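This report refers to the structure that appears directly beneath it.
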Amino acid sequence: MTAWLLDPGVLHLNHGSFGATPAAVLEAQQRIQERIELNPTQFFLEGEYQERLDQTRRAVARFVGADEAGLVFVTNATAGVNGVLRSLEPSLKPGDEILVTDHEYNACANAAVVSASRAGAVVTTAQVPFPLEHRRDVVDAVLAAVTDRTRVLLIDAVTSATGLVLPVAELAAQLEPDVRVLVDAAHAPGMIDFDVARLGASYVTANCHKWMCSAKGAAFLWVRPDRRDDVYPAVISHGYNGGWPSAGGHLHAQFDWTGTHDPSAWLTIPDALAAVEAMHPDGWPGVRSAIRELCLRGRDVLIEALSIEPSAPADMIGAIASVPLPSAAHSGSAIFDPLMGALRDRHGIEVPVFTWPAPPDRVLRISAHLYNQPGDYDRLAEALAAELGA
Ligand SMILES: Cc1ncc(COP(=O)(O)O)c(C=O)c1O
């Protein structure tokens, strides 16, 4: 537990929302910040920033199966999705469709709405069942919503509220190149076996601050070679007219500098990869399988306690899993159910409870990381029994 700074008085079952960063990585981040502050002008303008960024890019590219020319850093997956969608706006015509699913992360679905409206296009929504029995249910639901006006599919590799690993490679294989597939893989790297280039999508963005455990504000965008020259960040800076000289080609020139910011979160990624790898005798593959097994065990505990059936097959579960809860008249936000606050305040458990727009009305999502124990989920089941009167 001392490897992490998490409050020992709280049961943390929400790695999925914001990740958690090992203490060693935060120490590395502070050393980077101190190095920058010794001489910011020298750090940014005389090559050290670019050199460290390129080293970090090499490490991330290796970890996620990407080539370096196609990989750039953004502060979070939301920024990656926004950059791609804004870049696509000029190619959209009135009546064209951007397809999302009803499991799409709210912020990114909003980005699709805004880009579509700027271009006179529309957002259409595939209704993916939840609970579901087979990954085929997702493929069928998405393909049923594709029309001859569909230009872009925005799809999550792992969904947020419902915690499902979606068959994105299967969908890309059926839809590309007519429909450009933008994969929001916010949760994928570090959680599931994940190889960017093999997905077959045009664009993949993912967070490093969730399951790769870097400092917060670190994510990447990868673009397939044939799409690279048309992609720009949501914030245009010097690179647009060659003002940020780059040996790495168009994408690097556009994204490597988007204005002054603290790059230390990006530059901690190699430290995070090494720190988490060292936490398991089998390195990253061992980490991924340990946290998945823990999550599946936690899900089993909840399924039994709530007397329900699994909401999805085990092959659609990584290290987050959602269970439907009995309906309640809720007065919470559009996203979170008040039960989340009750579990925090009365039981010391941090776990998200999302409102869901169709039955089952609300879902509880557990996460598992190396700081979690099997007994954590028993404690959650007891707290749920107390709150739900089960
Ligand atoms: C599927 C999905 N996409 C995007 C995000 C947004 O991540 P960020 O806030 O780091 O941009 C999340 C966050 O949980 C997510 O679950």
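None of these values were measured; they are calculated from a predicted model. Both ligands and their constituent atoms are indexed starting at 1 by order of listing.
Residue Leu251 is not grouped with residue Tyr49 when hydrophobic side chains (ILVMFWY) are merged at heavy-atom distances under 4.5 angstrom, including chains of intermediate members.
Glu309 CD: 12 or fewer foreign heavy atoms inside a 6.0 Å radius. No more than 12 heavy atoms of other residues, nucleotides or ligands sit less than 6.0 Å from atom CZ of Arg136.
With a 4.5 Å cut-off on side-chain heavy atoms, Phe63 and Phe194 do not count as touching.
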In a simple table, one pair per line, please give the protein and ligand 1 atom names for every N or O pair closer than 3.5 Å, along with the distance.
from	atom 1	to	atom 2	distance (Å)
ligand 1	3 (N)	Asp184	OD1	3.2
ligand 1	3 (N)	Asp184	OD2	2.5
ligand 1	7 (O)	Asn207	ND2	3.2
ligand 1	10 (O)	Asn207	OD1	3.4
ligand 1	10 (O)	Asn207	ND2	2.9
ligand 1	10 (O)	His209	NE2	2.9
ligand 1	11 (O)	Ala77	N	3.3
ligand 1	11 (O)	Thr78	N	2.9
ligand 1	11 (O)	Thr78	OG1	2.5
ligand 1	14 (O)	Lys210	NZ	2.7
ligand 1	16 (O)	Ser160	OG	3.4
ligand 1	16 (O)	His187	NE2	2.8

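In this structure, Trp257 and Trp244 have parallel ring planes: the angle between them is below the 30° cut-off, well short of the 60° mark. Between His369 and Trp211, the ring planes are parallel. Angles under 30° get that label, and only those over 60° would be called perpendicular.
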